[in-house]
Structures are given as C-alpha cells and as structure tokens.
Participant: 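Dropping a structure here in structure tokens format, bear with me for questions.
Note that this is a predicted model, so its numbers are computed, not measured.
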Amino acid sequence: MSTDGALARLIRSSADRAVTSAAEVCELCATRVSEEHRHLYDCSDDEVRCVCGPCSVLFAGDGEGRYRLVPRRRVRLPRVDTEVLGVPVGLVFFVPRADGTVTAQGPSPAGAMRWEVDADAWQRLGAMCPPLRTVAPEVEALLVNTVHGLDHHWIVPVDDCYRMVAVVRREWRGLSGGGRVWRAVEAFFEGLTERSS
C-alpha cells in the first residue's frame, strides 16, 4: 500500500463525512430530505425546521398546535405603502402573529433584526391592500425591497424571508455591506416567481 493511496483515501473519507454531515435531514424523523423540501414553523421556538414529505402531510391541516406547515404560495403585489408601518428600512419583511401582533424583520450581517409594528397600522395597510388580509399568521410575510429604487412587494412563505437573510449574511462585506450584497439581493428577488399554494 502506498502512502499516496492511503492519504488520498483519508482525504476522500473526510470529504465524504463532511458531505454526509452537511446533508439536510427531516427534523422530526431524521430522514434525509431533498434540496427542495418543505418547512415547518415551530411556534414554541420561533424557528423554521426542515421536514420530509411524509412528515409534512401530518401538518397539512388548519395550522393549530406547535408546528405549522409553511405554505408555498408567492404573490407579487403592486406597490404597498409600508411607510404607514413606521419602518425606516427598504429591505424588510413583516410577519403577522397569531396573537394579532406584527413583527418587522430586516436582514443584517448578524442575522434578522426584529421590532414590533403597530397592529392598527397593519390593519389600515390591509384595508388599502386587501391581499395582505390573507397573509397566514406566523408562516407567511410581506417581503419588501425598495433599496436603490427597486419596488418589490411580495407575499411569501417565511422560509423565503430567511433565505434572503442568509444571502445578506453570506455576502455582506465591511460596514456598509459593499456592492456584492446588493447584487445578490437583487438576484434573489429576480429569482422569485409567483406560485399558488
């Protein structure tokens, strides 16, 4: 046995373990999930969890209890005047909660910053834009990007919002983010397509 052969096998073995450990699994039954898989919103921990197809069927009901199946619906909206919500940033998502509150979350290099929005202002915005009244609490959001003159307004599943936050974290450079992060954010929004639930 040559040293080169043993070293090569060790490297391949380590690489295989890294790929295996990086593979996503269902967080309920530990089955490996495909790249395109569903998510559950964990109301107790305020987190999105990966779930396999068979486990997702268990939560396809009315959205009660600890876990709620994140829907797949995406709806592009005409411009929504989010200034009434008092949020001074151009890249943000708004999540209505089951208790009637609404949180705004904006991406940053450290993850999503969160603050509470006036619930009455959200109701007024819903009166001006009726599709917002259909946003499912906890699992859907109004996603907005008006940075650099863009005009994106979407109803999306919350897992899309967290994917956008991950893009910002991955691409952010320096104090201002750099040009690379905004190109990546624009590419993210260009990749969104409307789909029904």
Participant: Quick one: which residue pairs count as a side chain to side chain donor-acceptor pair (under 3.5 Å) with a foot in residues 124-134, not counting sequence neighbours?
Facilitator: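 The answer is Arg73-Thr134.
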
Participant: Tell me the salt bridge (Lys or Arg N to Asp or Glu O under 4.0 Å) pairs involving residues 163-177, sequence neighbours left out?
Facilitator: Asp160-Arg163, Glu171-Arg180

Participant: Side chain to side chain donor-acceptor pair (under 3.5 Å) with Asp46: which residues, sequence neighbours excluded?
Facilitator: Tyr41, Arg114

Participant: List the residues meeting salt bridge (charged side-chain N to carboxylate O under 4.0 Å, His left out) with Glu186, not counting sequence neighbours, and say none if there are none.
Facilitator: none

Participant: Who pairs with Val25 by side-chain contact (heavy atoms from CB on, under 4.5 Å), at least two apart in sequence or on another chain?
Facilitator: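 With sequence neighbours excluded, Val25 shows a side-chain contact (heavy atoms from CB on, under 4.5 Å) to no residue whatsoever.
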
Participant: Would you please name every residue forming a ring pair (Phe, Tyr, Trp, His ring centres under 6.0 Å) with His153, sequence neighbours left out?
Facilitator: none

Participant: Holding to ring pair (Phe, Tyr, Trp, His ring centres under 6.0 Å), I want the full list of residues that pass it with Phe93, two or more places apart in sequence or in another chain.
Facilitator: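 Ring pair (Phe, Tyr, Trp, His ring centres under 6.0 Å) check on Phe93 returns Tyr162.
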
Participant: Residues two or more places apart in sequence or in another chain: which of them pass side-chain contact (heavy atoms from CB on, under 4.5 Å) with Ser44?
Facilitator: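 Ser44: side-chain contact (heavy atoms from CB on, under 4.5 Å) contacts with Asp42, Arg66.
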
Participant: Kindly write out the residues that satisfy side-chain contact (heavy atoms from CB on, under 4.5 Å) with Glu47, not counting sequence neighbours, or none if the list is empty.
Facilitator: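 Glu47 satisfies side-chain contact (heavy atoms from CB on, under 4.5 Å) with Asp45, Arg49 only.
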
Participant: Can you list the residues that meet the ring pair (Phe, Tyr, Trp, His ring centres under 6.0 Å) rule with Trp182, with sequence neighbours excluded?
Facilitator: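 If we apply the ring pair (Phe, Tyr, Trp, His ring centres under 6.0 Å) test to Trp182, skipping adjacent residues, the hits are His148.
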
Participant: Mind checking what makes ring pair (Phe, Tyr, Trp, His ring centres under 6.0 Å) contact with Phe188, not counting sequence neighbours?
Facilitator: none

Participant: Got a list of side-chain donor-acceptor pairs under 3.5 Å for residues 75-83, not counting sequence neighbours?
Facilitator:
residue: Arg76; atom: NH2; partner: His152; partner atom: ND1; Å: 3.3
residue: Asp81; atom: OD1; partner: Glu83; partner atom: N; Å: 3.3

